[in-house]
Colleague: 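Take this structure, written in structure tokens, and hold onto it; I'll ask about it next.
All chains are named by letter (A, B, ...) in the order of the sequence lines, taking the proteins before the strands, and each is independently numbered beginning at 1.
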Amino acid sequence: MIALTINGSPRTFERELNCAELIGELDLTGKRIAMERNGEIVPRSQFAQCLLQDGDRLEIVVAVGGG
Amino acid sequence: MKPNENLDPLVIGGKSYSSRLLIGTGKYKDFAETKAAVEASGAQIVTVAIRRTNIGQNPGEPNLLDALPPSKYTMLPNTAGCYTADDAVRTLRLARELLDGHDLVKLEVLGDPKTLYPNVVETIAAAKTLVKDGFKVMVYTSDDPIIAKQLEEIGCVAVMPLASLIGSGMGILNPWNLQIIIESAKVPVVVDAGVGTASDAAIAMELGCDAVLMNTAVAAAKNPVLMATAMCKAVEAGRAAFLAGRMPKKLYSASPSSPTGGMIGKP
């Protein structure tokens with residue numbers, strides 16, 4: 001089991017997973033998002049290769065209205 | 001007559017724009033209203049904010065970028081809400097990834113949640129990092145001419161002094177400082193924040209600002225789409241008046257517009 005912090009909230013997963021699998025678990029597949037892992041950008045092209053580790057802190061963002 | 005768009009483009013970061021109005025996309029009722037207001041404004045550059053996505057809520061939620069496709073508009077992701085250089089830099093790195101390598105950004109680092117006054121120390125630190133990292137930085141700042149010059153020297157592609165505080169609608173409080181900034185700037189000067197109505201935008205352009213950026217003035221109008229139209233005209237009118245060169249102000253002239261000779265009833 002691994003524990004992640006996603007957008008400030010704790011989440012646990014039964015098994016190890018990569019970023020692409022995480023995006024699937026979160027129902028975000030195909031959405032326009034960007035991800036930061038422990039303060040570093042994870043390029044979308046590398047989601048499938050990026051294996052998440054226990055304790056990782058993730059930020060997943062979208063564009064919203066703003067001035 | 002409109003200024004010839006081809007002869008008088010706004011050039012920012014090496015790209016030309018015919019519209020000198022930049023518009024924010026926050027505070028609208030829904031994306032349909034956002035889209036209608038942006039279209040009415042004629043703006044080609046639109047600001048967007050970067051925020052955490054709602055996880056596990058409303059999976060079918062509409063996306064702003066569907067209403068305003070980046071293929072049609074130049075996106076200007078901002079760092080609104082950031083209070084440190086580090087948060088601002090992280091936010092814009094996420095924005096660049098989100099927008100497929102897009103590097104034109106709006107940097108703003110705030111100093112106080114009550115007034116939303118910019119923190120120029122953190123702004124300068126963030127600007128240095130972002131410019132080094134290859135971003136084209138349009139930077140929101142106070143109307144301090146020395147800070148504006150320093151931000152230009154760091155390599156920002158536009159300096160964006162406030163007219164008055166964000167969301168205040170107080171208009172242009174210090175035209176003299178803006179004039180000093182405009183006089184010495186070698187990059188475009190964009191008035192960002194404080195515009196309340198069309199005449200404020202026209203005054204900014206008449207002062208010689210290269211463009212105006214606004215959000216609340218349009219979004220908080222009773223009829224945002226109509227106000228967007230008004231702002232479009234005000235910015236064009238202000239630019240034309242600036243290029244035309246206004247007549248000097250005199251207390252009185254003793255020079256009427258109609259001929260003084262040929263009056264009837266004279267001996």
Side-chain angles (χ1 to χ4, degrees), chain A, chain B residues 22-31 33-34 38 46-61 63-68 70 75-81 86 89-91 93-101 106 108 140 166-167 192-193 213-219:
Chain A
M1 199 176 76
I2 64 165
L4 306 174
T5 303
I6 305 173
N7 289 353
S9 301
R11 291 283 294 251
T12 55
F13 294 87
E14 294 295 320
R15 55 180 183 88
E16 278 200 333
L17 72 178
N18 63 41
C19 291
E21 289 163 341
L22 175 73
I23 292 300
E25 290 279 331
L26 300 176
D27 284 332
L28 294 172
T29 306
K31 304 269 180 198
R32 255 184 180 277
I33 53 123
M35 195 192 295
E36 184 195 71
R37 177 192 182 203
N38 302 325
E40 300 291 331
I41 299 292
V42 185
R44 265 172 289 173
S45 58
Q46 288 169 31
F47 276 4
Q49 290 88 56
C50 176
L51 195 64
L52 293 165
Q53 309 278 325
D54 191 51
D56 277 353
R57 299 183 67 84
L58 304 172
E59 296 286 348
I60 305 175
V61 300
V62 290
V64 302
Chain B
L22 287 67
I23 201 156
T25 57
K27 299 185 180 172
Y28 290 97
K29 189 176 70 193
D30 51 33
F31 287 154
E33 189 182 73
T34 314
V38 170
V46 298
T47 63
V48 297
I50 304 298
R51 289 291 180 272
R52 285 171 165 174
T53 184
N54 287 325
I55 287 166
Q57 295 166 27
N58 311 325
E61 202 176 21
N63 187 309
L64 177 68
L65 299 183
D66 295 330
L68 298 172
M75 292 290 140
L76 189 62
N78 70 24
T79 60
D86 185 48
V89 169
R90 282 174 65 195
T91 299
R93 283 179 177 152
L94 279 162
R96 181 166 60 182
E97 173 61 21
L98 182 69
L99 297 168
D100 306 315
K106 170 179 163 176
E108 78 177 78
Y140 172 64
I166 292 174
D192 181 1
L213 196 166
M214 65 180 72
N215 191 152
T216 311
V218 174

Colleague: Rounded to the nearest 0.5 Å, what separates atom CG in N63(B) from atom CD1 in I33(A)?
Modeller: 11.0 Å

Colleague: Measure the shortest side-chain to side-chain distance between R32(A) and P70(B) over non-hydrogen atoms and say whether it is less than 4.5 angstrom.
Modeller: yes

Colleague: If I measure from the heavy atoms of chain A, does K106(B) come under 4.5 Å with its side chain, its backbone, both, or neither?
Modeller: side chain

Colleague: Please check this pair: side chain of E97(B) against backbone of M35(A), looking for a donor-acceptor N/O pair closer than 3.5 Å.
Modeller: no

Colleague: In Å and rounded to the nearest 0.5 Å, what is the OG1 to CD1 distance from T53(B) to I23(A)?
Modeller: 9.0 Å

Colleague: Heavy-atom pairs under 4.5 Å with chain A - which of G24(B), G26(B), A80(B) has more of them than the others?
Modeller: G26(B)

Colleague: Under the 3.5 angstrom rule, does the side chain of R90(B) hit a backbone N or O of I41(A) as a donor-acceptor pair?
Modeller: no

Colleague: By a 4.5 Å heavy-atom criterion (distance strictly below it), what part of I50(B) contacts chain A: side chain, backbone, both, or neither?
Modeller: both

Colleague: Check each atom of D100(B) against the heavy atoms of chain A and say whether the ones under 4.5 Å are side chain, backbone, both or neither.
Modeller: both

Colleague: Can you see which heavy atom on A49(B) is nearest to which on G65(A), and at what distance?
Modeller: CB-O, 3.9 Å

Colleague: Please identify, among N215(B), L98(B), D66(B), the residue contributing the most non-hydrogen atom pairs under 4.5 Å to chain A.
Modeller: L98(B)

Colleague: Side chain, backbone, both or neither: which part of I60(A) has an atom under 4.5 Å from a heavy atom of chain B?
Modeller: both

Colleague: So does R11(A) have more than 12 non-hydrogen atoms from other groups sitting under 6.0 Å from CZ?
Modeller: no

Colleague: Quick one: list whatever passes side chain to side chain contact (heavy atoms under 4.5 Å, CB included) with V48(B), sequence neighbours left out.
Modeller: A63(A), T25(B), L64(B), M75(B), P77(B)

Colleague: Kindly check if the number of other-residue, nucleotide or ligand heavy atoms within 6.0 Å of CD (E16(A)) is above 12?
Modeller: no

Colleague: Which one, R44(A), E59(A), E40(A), leads in non-hydrogen pairs under 4.5 Å with chain B?
Modeller: R44(A)

Colleague: Only one of V61(A), N7(A), V64(A) clears side chain to side chain contact (heavy atoms under 4.5 Å, CB included) with R51(B); which?
Modeller: V64(A)

